[in-house]
Amino acid sequence: QVQLVESGGGLVQAGGSLRLSCAASGRTFISYGMGWFRQAPGKGREIVAAINWSGGSTYYADSVKGRFTISRDNAKNTVYLRMNSLKPEDTAVYSCAAATSVPTMIQIRRADYWGQGTQVTVSS
């Protein structure tokens with residue numbers, strides 16, 4: 001069992017930055033690939049970024065490439081999402097997820113565990 005708790009969301013002006021954190025419980029964190037998803041009002045859930053167990057492989061949605069950076073610290077059981085140059089269209093609830101299969105997580109948005117989410121609001 002893995003529990004995920006996100007933090008770091010908030011209100012920021014367009015062009016600003018935020019760093020989201022996702023703390024995982026349990027000793028099996030290193031067994032999972034991790035991802036960040038977001039869901040805006042009236043829209044479906046979309047994957048934003050993903051990272052494999054070692055941090056050596058990452059994936060980004062086209063909409064965030066060059067602006068967002070995913071990273072993980074396995075010693076702290078934590079995954080991060082650094083978001084720069086934020087736009088109003090980035091406004092959404094951001095959730096982290098843990099998955100044994102990163103390709104599955106990316107392709108069909110399936111994960112083994114989900115966090116509750118943290119709100120990110122970007123004002124224009």
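Values reported hereafter were calculated over all heavy atoms of this structure, with side chains retained and with hydrogens, waters and symmetry mates removed.
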> Which atom names give the shortest non-hydrogen contact between Gly35 and Met105, and what distance separates them?
Replying inline: N-CE, 3.7 Å
> Should Val93 and Ser95 count as side-chain neighbours, where that means a heavy-atom distance under 4.5 Å?
Replying inline: yes
> Looking at Lys87 and Asp90, does any basic side-chain N land under 4.0 Å from a carboxylate oxygen?
Replying inline: no
>> Holding to side-chain hydrogen bond (donor to acceptor under 3.5 Å, both in side chains), I want the full list of residues that pass it with Thr28, two or more places apart in sequence or in another chain.
In response: none
> For the side chain of Asp112 and the backbone of Thr100, is there at least one donor-acceptor N/O pair under 3.5 Å apart?
Replying inline: yes
> Is a side-chain N or O of Gln39 found less than 3.5 angstrom from the main chain of Ala92, in a donor-acceptor match?
Replying inline: no
> What are the two closest heavy atoms between Asn84 and Ser17, and how far apart are they?
Replying inline: OD1-OG, 2.9 Å
>> With a 6.0 Å cut-off (strictly less than), is the heavy-atom count around CZ of Arg109, excluding the residue itself, greater than 12?
In response: no
>> Using 0.5 Å steps for rounding, measure from the CG atom of Asn74 to the CD1 atom of Ile30.
In response: 4.5 Å
> Can you name the nearest heavy-atom pair linking Ser124 to Ala14, along with the distance?
Replying inline: CA-CB, 4.3 Å
> Once you round to the nearest 0.5 Å, how far does OG1 of Thr118 lie from CZ of Arg38?
Replying inline: 14.0 Å
> Where is the tightest heavy-atom contact between Leu81 and Ala49, given as atom of each residue plus distance?
Replying inline: CD1-CB, 4.1 Å
> Would you say the side-chain atoms of Arg110 pair up with the backbone N or O of Thr104, donor to acceptor, closer than 3.5 Å?
Replying inline: no
> Taking only residues two or more places apart in sequence, or in another chain, which ones meet Thr121 in a side-chain hydrogen bond (donor to acceptor under 3.5 Å, both in side chains)?
Replying inline: Gln119
>> For residues 16-43, which residue pairs pass the ring pair (Phe, Tyr, Trp, His ring centres under 6.0 Å) check, not counting sequence neighbours?
In response: Tyr32-Tyr113, Phe37-Trp114
>> Applying side-chain contact (heavy atoms from CB on, under 4.5 Å), can you list everything that pairs with Ser123, at least two apart in sequence or on another chain?
In response: Leu11, Gln13
> What ring pair (Phe, Tyr, Trp, His ring centres under 6.0 Å) pairs are there with at least one residue in residues 51-72, not counting sequence neighbours?
Replying inline: none
> Which heavy atom of Met34 sits nearest a heavy atom of Val79, and at what distance?
Replying inline: CE-CG1, 3.8 Å
> Just one of Val64, Val48, Thr58 clears the side chain to side chain contact (heavy atoms under 4.5 Å, CB included) bar with Ile70, so which one?
Replying inline: Thr58
> How long is the span from the CZ atom in Arg72 to the SG atom in Cys96, to the nearest 0.5 Å?
Replying inline: 11.0 Å
> What pair of heavy atoms forms the shortest contact from Glu6 to Gly117, and how long is it?
Replying inline: OE1-N, 2.9 Å
>> Suppose we screen for side-chain contact (heavy atoms from CB on, under 4.5 Å). Which residues come up paired with Val120, at least two apart in sequence or across chains?
In response: Leu18, Leu20, Met83, Tyr94, Val122
